[in-house]
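Please read the structure below before turning to the comments.
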Amino acid sequence: MLLPVTLFLSFLVIPDIALSGSVFTYTSLAFISLLFLCNFLYAVIKNSEVKYIGAAFYLLIISLGFIILKNQAAFGAASEKHLAVINLKAQELEKEKKGKTINTAGVNGEEIYNRICIACHKFDVKVVGPPYKETIPKYNGDVKKLATFILNPVKVSPDYPPMPSQGLKPKEADAVAKYLIDKVSGK
Ligand code: HEC
């Protein structure tokens with residue numbers, strides 16, 4: 001008998017964000033079927049009309065069904081915005097990850113090394129620039145970081161003159177960076 005009251009109270013305490021048209025509809029339907037249920041129960045108890053007990057039982061199940069639907073709808077409405085935010089964030093992360101994957105198709109890092117870098121760099125001896133065996137391990141296999149240096153060399157060591165920019169395209173820098181890292185790590 002108290003179900004209509006608790007239903008009404010639960011409707012009052014639902015946070016605004018969880019309210020929607022369907023929450024309202026399911027609450028109303030639950031309410032109506034609970035009122036019918038009370039009617040039948042009243043008939044059973046007051047007038048001993050036992051034949052209504054079956055109907056009361058089904059109405060109880062129907063009411064509980066509507067209450068469950070109402071809760072589902074409220075939960076859905078409440079989490080809708082969060083889900084949208086999470087989705088957006090996931091998409092951003094996915095994009096970022098894609099940006100980090102290195103695509104060197106069609107560019108040969110070894111060829112670039114032999115054409116440009118070899119003038120100043122060998123792997124194990126100092127030429128104009130430092131030997132790669134000493135400098136590449138600093139990058140810990142981070143191709144992007146190394147490619148950034150190659151594209152835009154900055155002053156690093158006081159023992160050497162600054163490295164002039166070699167005017168590579170980003171894809172070429174990626175390719176040569178990957179070649180150097182693989183070569184130094186013995187791959
Ligand atoms: C004209 C000579 C010259 C050429 C050509 C040259 N470099 Fe350098 N490179 C240098 C010098 C000089 C340094 C040392 C810079 C410093 O320590 O400030 C250096 C440093 C480096 C370093 C070490 C960076 C660090 O963090 O210590 C890397 C890696 C490198 N070069 C890669 C390349 C690649 C790849 C190419 C070819 C695309 C290339 N360099 C072409 C002169 C050159």
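Counting from 1, the numbers follow the sequence of the chain as shown. Every number for a ligand or one of its atoms is a count from 1 in the order of the listing. Only heavy atoms go into these numbers, but all of them, side chains included; no hydrogens, no water, no symmetry mates.
When atom types are taken as modelled, the side chain of Lys171 and the backbone of Ala105 share a donor-acceptor pair closer than 3.5 angstrom. A donor-acceptor pair under 3.5 Å is formed between the side chain of Glu172 and the backbone N or O of Lys169. Lys155 contributes a side-chain N or O that, together with a main-chain N or O of Ser157, makes up a donor-acceptor pair within less than 3.5 Å. Using a distance-only test at 3.5 Å, with no hydrogens or angles considered, a donor-acceptor pair links the side chain of His121 to the main chain of Pro130.
Between the CD1 atom of Ile62 and the CD1 atom of Ile67 there is a distance of 12.0 Å, given to the nearest 0.5 Å. Taking OG1 from Thr148 and CG from Asp174, the interatomic distance works out to 8.0 Å, rounded to the nearest 0.5 Å.
Here Gln166 fails the criterion, with no N, O or S atom under 2.8 Å of atom 8 (Fe) of ligand 1. The nearest N, O or S atom of His121 is closer to atom 8 (Fe) of ligand 1 than 2.8 Å.
Near Thr135, meaning under 4.0 Å from one of its heavy atoms, ligand 1 places the atoms 23 (C), 27 (O). Of all atoms in ligand 1, numbered sequentially from 1 with element shown, those under 4.0 Å from a heavy atom of Ser157 are 16 (C), 17 (O), 18 (O). Atoms of ligand 1 lying under 4.0 Å from any heavy atom of Leu180, numbered from 1 in the order shown and given with element: 35 (C). Less than 4.0 angstrom separates some heavy atom of Ile116 from each of these atoms of ligand 1: 5 (C). When each atom of ligand 1 is checked for a heavy atom of Tyr139 under 4.0 Å away, the hits are 24 (C), 25 (C), 26 (O). Close contacts between ligand 1 and Lys155 involve ligand atoms 16 (C), 18 (O) [criterion: under 4.0 Å to a heavy atom]. Atoms of ligand 1 lying under 4.0 Å from at least one heavy atom of Leu168, given by number and element, are 38 (C). For ligand 1, the atoms lying closer than 4.0 Å to a non-hydrogen atom of Ile136 are 29 (C).
Nearest to atom 39 (C) of ligand 1 among the protein's heavy atoms is Met163 CE, 3.2 Å. Here the protein heavy atom with the shortest distance to atom 28 (C) of ligand 1 is Phe149 CE2, 3.5 Å. Considering only non-hydrogen protein atoms, atom 25 (C) of ligand 1 sits nearest to Lys138 NZ, 3.2 Å. The nearest heavy-atom contact from the protein to atom 4 (C) of ligand 1 is Cys120 SG, 3.3 Å. When only non-hydrogen protein atoms are considered, atom 37 (C) of ligand 1 lies nearest to Cys117 SG, 1.8 Å. For atom 12 (C) of ligand 1, the closest non-hydrogen atom on the protein side is Pro161 O, 3.0 Å. For atom 14 (C) of ligand 1, the closest heavy atom belonging to the protein is Pro130 CD, 3.4 Å.
Residue contact annotation: Asp159 has no non-hydrogen atom under 4.0 Å from ligand 1. At least one heavy atom of Tyr132 sits less than 4.0 Å from an atom of ligand 1. Contact annotation: Pro164 has at least one heavy atom less than 4.0 Å from an atom of ligand 1.
Looking at Ala119 against ligand 1, nothing comes within 4.0 Å, counting heavy atoms. At a heavy-atom distance under 4.0 Å, only side-chain atoms of Leu146, from C-beta outward, approach ligand 1. Of all the heavy atoms of Ala177, none lies under 4.0 Å from any atom of ligand 1, so neither backbone nor side chain is involved. Both the backbone and the side chain of Val156 come within contact range of ligand 1, each with a heavy atom under 4.0 Å.
Within the 4.5 Å cutoff, the side chain of Val156 has heavy atoms near those of the Phe149 side chain.
Nearest heavy atom pair, residue Ala30 against residue Leu7, reads CB-CD2, 3.7 Å. Nearest heavy atoms, Ile14 versus Ala18: CG2-CB, 3.5 Å. Of all heavy-atom pairs between Leu168 and Val176, the closest is CD1-CG1, 4.1 Å.
Exactly one of Leu29, Asn71, Thr27 qualifies for a side chain to side chain contact (heavy atoms under 4.5 Å, CB included) with Phe66. That residue is Leu29.
Taking the centre and axis of the six-membered ring of Phe123, the NZ or CZ atom of Lys183 falls inside the cone set by 45° and 6.0 Å. Both the sub-6.0 Å distance and the 45° axial angle are satisfied by Lys126 relative to the ring of Tyr160.
Dense packing is recorded around OH of Tyr179, with more than 12 heavy atoms of other residues, nucleotides or ligands lying under 6.0 Å away.
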